[in-house]
Enquirer: 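Structure incoming, see below.
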Amino acid sequence: MVIAIDGPAGSGKSTVARMIAEKLGFYFLNTGSFYRAYTLSALDRGIDPLDREKVLENARSITLSVKDGNVCIDGRSEEGRLHSPLVDKYASPVSSDPRIRDMVNSSVRKIAEGLDIVTEGRDTTTVVFPDADYRFYFDASPEIRARRRLAEQPGLDYETVLQGIIERDRMDREKAVGALKIADGAIVIDTSLLTLNQVCEKVLNALRCTSA
Ligand code: DC
């Protein structure tokens, strides 16, 4: 079974997807980590992350895998380094190359083969698994998402974080391929005023209601 959740950064989809996977005993797959891993690897090797050809060449030269829910580059888990401000900034332009998207999509589909999974990202309900058994779209206002980010990293400046979120939303929504959008028939959950447990409950209720 595939449960797919899409939505913008900070909408709570990663945490909730992980919680749901744990509750159901499903495999958790975060597709954004793959784009982050290609971005991190390029940065580590001194490649300009905006140089599409070099980024692609590098991506083809490394192997991404998943171990215990963590993405590994050439067998080594880099989970702890995937969320640096630089990776945050460049993962979106890296993910806008359709050739990189094809590589990520085939890896993700291959890993998911024969498994019960909860996956999340920007296009898991539209492109990667359009026939997923359950499809959700999480949303929340940019201001709320900026506050959530500040709660995780208190030293940051609110306005800078907010502008970063607005800019990343724009890039994610305007991508030529794999753009962030609500899939036809997806269940939309506005998480702005909900706790993670409440969002989780809504997802589980939707699964119960439609599983007959
Ligand atoms: O979900 P995240 O913030 O870890 O994703 C990192 C980047 O990858 C983000 O800029 C959006 C992009 N992404 C994507 O284009 N498609 C996906 N399915 C998942 C993430």
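Both counts, for ligands and for their atoms, begin at 1 and track the order of listing. The model shown is predicted, which means the values in this text are computed figures rather than measured ones.
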Enquirer: How far is atom 5 (O) of ligand 1 from its nearest protein heavy atom, and which residue and atom name does that atom have?
Expert: Gly32 CA, 3.5 Å

Enquirer: Is Met171 close enough to touch ligand 1? Criterion: a residue heavy atom under 4.0 Å from a ligand atom.
Expert: no

Enquirer: Verify the distance criterion only: is there a donor paired with an acceptor across the side chains of Lys67 and Ser77 at less than 3.5 Å?
Expert: no

Enquirer: One residue to check: Asp88. Relative to ligand 1, which of side chain, backbone, both or neither has a non-hydrogen atom less than 4.0 Å away?
Expert: neither

Enquirer: Taking 4.0 angstrom as the limit and counting only heavy atoms of Ser95, give me the atoms of ligand 1 inside it, by number and element.
Expert: 12 (C), 15 (O)

Enquirer: Please state which protein non-hydrogen atom is closest to atom 19 (C) of ligand 1 and give its distance, to 0.1 Å?
Expert: Thr31 OG1, 3.4 Å

Enquirer: Assess whether a salt bridge exists between Glu57 and Arg60, defined as any Lys/Arg side-chain N lying under 4.0 Å from an Asp/Glu carboxylate O.
Expert: no

Enquirer: Return the closest protein heavy atom for atom 16 (N) of ligand 1 as residue, atom name and distance.
Expert: Arg101 NH2, 2.9 Å

Enquirer: Quick test: of every protein heavy atom, which one is nearest to atom 3 (O) of ligand 1, and how far off is it to 0.1 Å?
Expert: Arg36 NH2, 3.0 Å

Enquirer: Could you state whether Met19 and Val203 fall into the same hydrophobic cluster, counting links through intermediate Ile, Leu, Val, Met, Phe, Trp or Tyr residues with side-chain heavy atoms under 4.5 angstrom apart?
Expert: yes

Enquirer: Which option, Tyr38, Tyr35, Tyr90, owns the non-hydrogen atom nearest atom 8 (O) of ligand 1?
Expert: Tyr35

Enquirer: Should Ser96 and Arg52 count as side-chain neighbours, where that means a heavy-atom distance under 4.5 Å?
Expert: yes

Enquirer: Whether Asp172 and Arg168 form a salt bridge (side-chain N of Lys/Arg under 4.0 Å from carboxylate O of Asp/Glu) is what I want to check.
Expert: no

Enquirer: Quick one: does Glu120 get within less than 4.0 Å of ligand 1, heavy atoms only?
Expert: no

Enquirer: What protein heavy atom sits nearest atom 9 (C) of ligand 1, and how far off is it?
Expert: Arg122 NH2, 3.7 Å

Enquirer: Take a 6.0 Å sphere around CG of Asn205 and say whether it holds more than 12 heavy atoms from other residues, nucleotides or ligands.
Expert: yes

Enquirer: Establish, from distance only, whether the side-chain atoms of Arg148 and Thr15 form a donor-acceptor pair under 3.5 Å.
Expert: no

Enquirer: Identify the protein heavy atom lying closest to atom 18 (N) of ligand 1, giving its residue, its atom name and the separation to 0.1 Å.
Expert: Asp123 OD1, 2.8 Å

Enquirer: Starting from atom 7 (C) of ligand 1, which protein heavy atom do you reach first, and at what distance in Å?
Expert: Ala91 CB, 3.7 Å

Enquirer: Need the ligand 1 atom indices (1-based, order shown) with element for anything under 4.0 Å from a heavy-atom of Ser92.
Expert: 10 (O)

Enquirer: With under 30° as parallel and over 60° as perpendicular, where do the rings of Phe136 and Tyr134 fit, or are they tilted in between?
Expert: parallel

Enquirer: Taking atom types as modelled, find out whether Thr195 and Asn197 have a side-chain donor-acceptor pair closer than 3.5 angstrom.
Expert: no

